[in-house]
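Note that ligands are numbered from 1 as they come in the structure, with each ligand's atoms numbered from 1 the same way. What you are looking at is a predicted structure, and each value in this text was computed from that prediction instead of being measured. Residue indices begin at 1 and follow the sequence shown.
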Amino acid sequence: MQRHTTLGEFLIKNQKDFPYAKGELTALLSSIRLAGKMVNQEINKAGLANILGAAGNENVQGEDQMKLDVLANDLFISTLQNRGEICGIGSEEMEDFVSFEEEIHKDAKYVVLMDPLDGSSNIDVNVSVGTIFSIYRRVSEPGTPAVLEDFLQPGNKQVAAGYLIFGTSTMLVYTSGNGVHGFTYDPGIGSFFLSHPKMTIPEDGKIYSINEGNYVHFPDGVKKYLKWCQELDPTTNRPFTSRYIGSLVADFHRNLLKGGIYIYPRGTTAPNGKLRLLYECNPMAFLMEQAGGKASDGYRRIMDLEPTELHQRVPFFCGSSKMVEKAEAFMEEYKN
Ligand code: AHG
Ligand code: MN
Ligand code: MN
């Protein structure tokens with residue numbers, strides 16, 4: 001029988017990836033794995049909400065049904081708070097970060113930023129959603145409350161990042177700076193198994209992912225790049241293929257496996273686009289670079305941007321290096 005590696009075994013085997021961490025980061029990733037399993041179970045039941053009681057209504061037991069993104073947020077926070085690895089968490093679902101200040105957190109060296117449920121509008125139509133996480137070493141002194149500066153660190157300071165994708169299979173994909181590794185969940189056994197070791201994105205691709213309905217609002221560089229993607233030129237495999245799910249995690253995951261580019265540019269009504277730097281773009285940029293791809297705001301490397309706010313938005317160009325470079329060349333040529 002073939003021997004399959006579980007996520008737990010893999011983390012222990014690769015603990016040397018984090019020379020200064022003494023197992024804390026391994027434990028933290030295990031906590032994320034545990035919360036991920038709980039969220040997975042809730043998502044699988046989501047379709048039953050209409051039978052058992054829709055979100056916002058009472059369920060059959062007379063309890064209030066929580067919106068799934070709020071529920072996912074609560075599950076991650078309580079799971080991580082119950083253990084001692086992090087001293088605080090920032091989330092899309094909370095205006096301010098929370099600081100964990102109980103006895104078990106006094107030696108905690110890490111903070112987490114997360115999008116507990118990404119693509120949540122897709123839940124009602126049974127389409128893939130995900131969870132994104134980003135991990136930093138705190139900059140403040142252990143034993144003191146977490147401060148905003150612990151969270152406002154550039155992406156190049158991330159020690160680990162990843163996502164769970166709740167798709168046809170549930171997967172956990174992460175990097176700690178030594179490549180990108182993907183694990184597929186076996187619900188019968190309740191474990192994640194290494195299914196995609198050392199994931200790399202093709203250097204070039206032919207999929208572009210963008211909400212083209214916003215075309216009139218796009219900067220000229222993006223409009224010209226899209227037209228270029230749609231031109232007939234068999235020598236460069238054009239026209240390319242358009243694929244857009246509307247869940248960043250799902251669009252990212254497909255492009256990572258097949259090669260492609262994801263763009264969420266600025267628009268006339270959203271000067272910095274829609275996606276959030278700290279818990280959507282930075283973790284995805286870290287993964288993308290570790291897989292051999294690129295991530296920028298159209299001009300600058302995402303992971304070098306200095307954050308100023310917890311919920312800061314940023315334009316996002318992410319994918320196969322050649323495709324991102326081509327899009328950046330159009331942004332440079334048609335600056336407006
Ligand atoms: P969230 O569900 O966490 O708010 O994120 C939704 C994001 C992202 O997942 C997706 O790529 C993007 O919003 C889609 O936005 P549009 O509907 O504007 O295309
Ligand atoms: Mn999101
Ligand atoms: Mn979300």
Select one of side chain, backbone, both or neither to describe which atoms of Asp118 lie under 4.0 Å from any atom of ligand 1, heavy atoms only.
both
Of all heavy-atom pairs linking Ala35 and Leu75, the shortest is CB-O, 4.2 Å
Check whether any side-chain heavy atom of Phe218 lies under 4.5 Å from a side-chain heavy atom of Ile210, and answer yes or no.
yes
Of the listed options (Tyr279, Tyr262, Phe316), which comes nearest to atom 11 (O) of ligand 1 when hydrogens are ignored and any heavy atom counts?
Tyr262
With a 3.5 Å cut-off and no angle check, do the side chains of Asn282 and Ser134 form a donor-acceptor pair?
no
Restricting Asp118 to its N/O/S atoms, the closest one to the Mn ion (ligand 2) is OD1
Per residue Glu280, nearest N, O or S atom to the Mn ion (ligand 2) is named OE2
For Leu248, take its heavy atoms, then give the atoms of ligand 1 lying under 4.0 Å from any of them.
8 (C), 9 (O), 10 (C), 11 (O)
Using a strict 4.0 Å cut-off to heavy atoms of Leu117, name the atoms of ligand 1 that fall inside it.
2 (O), 3 (O)
May I ask you to identify the nearest protein heavy atom to atom 1 (P) of ligand 1, giving residue, atom name and distance to one decimal place in Å?
Gly119 N, 3.6 Å
Taking the N/O/S atoms of Asp115 one by one, which is nearest to the Mn ion (ligand 3)?
OD1
Steps toward side-chain hydrogen bond (donor to acceptor under 3.5 Å, both in side chains) verdict (Glu203, Ser320)
CA-CA 5 Å; Glu203 196 184 7; Ser320 295; over 6 Å; no
Tell me whether the Mn ion (ligand 3) has Glu92 as a neighbour, meaning an N, O or S atom of it below 2.8 Å.
yes
List ligand 1 atoms under 4.0 Å from Tyr244, heavy atoms only on the residue side.
11 (O), 12 (C), 14 (C), 15 (O), 16 (P), 19 (O)
Is the distance from the Mn ion (ligand 3) to some N, O or S atom of Gly119 under 2.8 Å?
no
Close aromatic pair by centroid cut-off 6.0 Å: Phe252 and Tyr163
yes
Using a 6.0 Å distance limit plus a 45 degree cone around the ring axis, check whether Lys335 lies over the aromatic ring of Tyr299.
yes
Six-ring centre of Phe10, Lys198 cation under 6.0 angstrom, axis tolerance 45°
no
Any donor-acceptor N/O pair, Ser296 side chain to Arg301 backbone, under 3.5 Å:
no
Taking only heavy atoms of Ser247, which atoms of ligand 1 are found under 4.0 Å from at least one of them?
9 (O), 11 (O)
Return the CD to OG distance between Glu9 and Ser191, rounded to the nearest 0.5 Å.
8.5 Å
Which one of Ser121, Ser120, Ser91 satisfies the side-chain hydrogen bond (donor to acceptor under 3.5 Å, both in side chains) criterion with Asp69?
Ser120
Tell me the protein heavy atom at minimum distance from atom 12 (C) of ligand 1, and give that distance in Å.
Lys274 NZ, 3.8 Å
What distance separates Thr79 OG1 from Ile32 CD1, expressed to the nearest 0.5 Å?
10.0 Å
Starting from atom 4 (O) of ligand 1, which protein heavy atom do you reach first, and at what distance in Å?
Glu92 OE2, 3.3 Å
Below 4.0 angstrom from a heavy atom of Glu280, which ligand 1 atoms are there? Numbered from 1 as shown, please.
3 (O), 5 (O)
Please list, in number order, the atoms of ligand 1 under 4.0 Å from a heavy atom of Ser120.
2 (O)
Can you report which non-hydrogen protein atom sits closest to atom 18 (O) of ligand 1, along with the distance?
Tyr264 OH, 2.5 Å
Note the single closest protein heavy atom to atom 10 (C) of ligand 1, along with its residue, its atom name and the distance in Å.
Gly246 O, 3.3 Å
If you draw a 6.0 Å radius around NZ in Lys224, do more than 12 non-hydrogen atoms from other residues or ligands fall strictly inside?
no
Any idea which atoms of ligand 1 are less than 4.0 Å away from a heavy-atom of Asp115?
3 (O)
